[in-house]
Amino acid sequence: MARSKTTWKMLSYGIHSAWDKMSKELPKLKKFTWEIPARLDIEFGYVLNIKQARGKKLEFIIEHPDFIDEKTGVPALPFTGELFVRSNDWDFFLGDTLWAPLENKIGTWRLVTKLDGEIIVQKRFTISEDQGQFADWDID
């Protein structure tokens, strides 16, 4: 019997609740948006649902504005990682949280998800200085 074709769809993108890597719960969506206010501890990213991909390798890359890695003193490399899809109907969160100093986090962040080496999703988020334009957003 032929294996079903792998499919994926984006369930949410934007600002999410804080994510606990140790929990099975994914962060909850607070606001659909590609523009993110530069605020401490704000969580942003996307949730994908991937079907018929159990055992396939998923890779992710988070490209960010240039900032100096506090541990090494050199410009930080993109954040990368890989894992294997755990089931044939699987939800996956890719995102990040902003930390101090915020000034060097402002700009474009590109989030990429690959499945078995093929890019399936790449999205850009713009981190913008909060000058009051986000005041009416219910995200706190």
Side-chain angles (χ1 to χ4, degrees):
M1 190 158 137
R3 184 173 177 169
S4 297
K5 181 177 167 84
T6 299
T7 61
W8 59 88
K9 68 178 175 179
M10 188 172 294
L11 300 178
S12 65
Y13 62 86
I15 299 170
H16 289 76
S17 61
W19 184 46
D20 176 2
K21 286 190 233 183
M22 304 314 258
S23 172
K24 290 184 179 186
E25 293 287 318
L26 294 181
K28 303 291 185 228
L29 180 69
K30 289 182 162 187
K31 174 114 178 126
F32 276 105
T33 183
W34 297 114
E35 187 172 8
I36 310 299
R39 294 183 187 168
L40 288 177
D41 301 322
I42 199 164
E43 185 89 38
F44 66 96
Y46 55 75
V47 175
L48 299 178
N49 175 261
I50 303 171
K51 294 188 185 236
Q52 304 304 321
R54 183 177 183 176
K56 290 187 176 186
K57 184 168 75 170
L58 185 135
E59 300 169 81
F60 58 87
I61 304 163
I62 300 176
E63 297 172 352
H64 48 72
D66 290 336
F67 60 84
I68 302 299
D69 184 308
E70 293 174 10
K71 294 177 186 171
T72 64
V74 298
L77 296 173
F79 307 129
T80 62
E82 65 180 42
L83 49 96
F84 289 89
V85 177
R86 297 185 195 122
S87 71
N88 277 324
D89 188 357
W90 189 57
D91 292 339
F92 168 73
F93 174 73
L94 180 60
D96 211 336
T97 303
L98 297 179
W99 66 98
L102 291 171
E103 297 77 31
N104 62 11
K105 312 303 182 302
I106 292 173
T108 301
W109 291 60
R110 182 174 165 254
L111 282 60
V112 179
T113 303
K114 296 180 180 181
L115 192 60
D116 278 350
E118 177 186 335
I119 293 175
I120 60 170
V121 175
Q122 58 180 329
K123 294 296 178 187
R124 286 177 167 64
F125 290 89
T126 302
I127 310 301
S128 300
E129 189 173 338
D130 189 352
Q131 298 179 333
Q133 73 271 34
F134 306 108
D136 63 339
W137 289 16
D138 185 23
I139 56 174
D140 294 320

* To do: Work out which heavy atom in Arg124 is nearest to a heavy atom in Trp34; give both atom names and the distance.
  => O-CE3, 3.5 Å
* Asked: Would you call Trp109 and Leu98 a side-chain contact if the rule is heavy atoms closer than 4.5 Å?
  -> yes
* N/O donor-acceptor pair under 3.5 Å between Thr126 side chain and Glu35 backbone -> no
* For Pro78, enumerate each residue passing the side chain to side chain contact (heavy atoms under 4.5 Å, CB included) test, keeping only those at least two apart in sequence or located in another chain. => Ile61, Glu63
* So which heavy atom on Ala53 is nearest to which on Leu115, and how close? -> CB-CD2, 4.0 Å
* **Between CD1 on residue Ile50 and CG on residue Leu11, distance to nearest 0.5 Å** => 10.0 Å
* Asked: In the single-linkage hydrophobic clustering (I, L, V, M, F, W, Y; side-chain heavy atoms under 4.5 Å), do Leu94 and Phe44 co-cluster?
  -> yes
* Over all heavy atoms of both residues, which pair between Arg39 and Ile139 is shortest? Give the atoms and the distance, please. => NH1-CD1, 3.3 Å
* Structure fact -> Taken in chain and number order and not counting sequence neighbours, the residues that satisfy salt bridge (Lys or Arg N to Asp or Glu O under 4.0 Å) with Asp116 are none
* Hey, quick one: are Ile15 and Leu29 part of the same hydrophobic cluster, counting side-chain heavy atoms closer than 4.5 Å, chains of contacts allowed? -> yes
* **Sequence-distant partners of Ser87, side chain to side chain contact (heavy atoms under 4.5 Å, CB included), two or more places apart** => Trp90
* Asked: Do you reckon Trp19 sits in the same ILVMFWY cluster as Met10, going by side-chain contacts under 4.5 Å, direct or chained?
  -> no
* Asked: Under 4.5 Å between side-chain heavy atoms, hopping through other hydrophobics if needed: is there a path connecting Ile42 to Phe32?
  -> yes
* **For Glu25, side-chain hydrogen bond (donor to acceptor under 3.5 Å, both in side chains) partners two or more places apart** => Lys28
* To do: Considering non-hydrogen atoms only, spot the tightest contact between Pro37 and Phe134 and give its length.
  => CB-CD1, 3.2 Å
Ignoring hydrogens and angles, write down the donor-acceptor pairs under 3.5 Å from the side chains of residues 67-77, residues two or more places apart or on other chains.
from: Asp69; atom 1: OD1; to: Lys71; atom 2: N; distance (Å): 2.7
from: Asp69; atom 1: OD1; to: Thr72; atom 2: N; distance (Å): 3.2
from: Thr72; atom 1: OG1; to: Val74; atom 2: N; distance (Å): 3.4

* salt bridge (charged side-chain N to carboxylate O under 4.0 Å, His left out): pairs with one or both residues in residues 41-51, sequence neighbours excluded -> Lys51-Asp89
* Could you state the interatomic distance from CG (Asp130) to CD1 (Ile36), rounded to the nearest 0.5 Å? -> 11.5 Å
* To do: Would you please test Phe92 and Trp8 for side chain to side chain contact (heavy atoms under 4.5 Å, CB included) and show each step?
  => CA-CA 10 Å; Phe92 168 73; Trp8 59 88; over 6 Å; no
* Roughly how far, to the nearest 0.5 Å, is the CG atom of Leu48 from the NZ atom of Lys9? -> 11.5 Å
* Would you say Ile62 and Ile119 are hydrophobically clustered, going by side-chain heavy atoms of ILVMFWY under 4.5 Å? -> no
* Structure fact -> dist Ile127:CD1 -> Leu102:CG (nearest 0.5 Å) comes out at 9.5 Å
* Distance (rounded to the nearest 0.5 Å) between Thr113 OG1 and Glu59 CD -> 10.0 Å
* Once the angle between the rings of Tyr46 and Phe125 is folded into 0 to 90°, is it parallel (under 30°), tilted (30 to 60°) or perpendicular (over 60°)? -> parallel
* Asked: What's the spacing between His64 NE2 and Asp66 CG if we round to 0.5 Å?
  -> 8.0 Å
* Provide the closest heavy-atom pair for Thr33 versus Trp137 in the form atom of the first, atom of the second, distance. => OG1-CH2, 3.6 Å
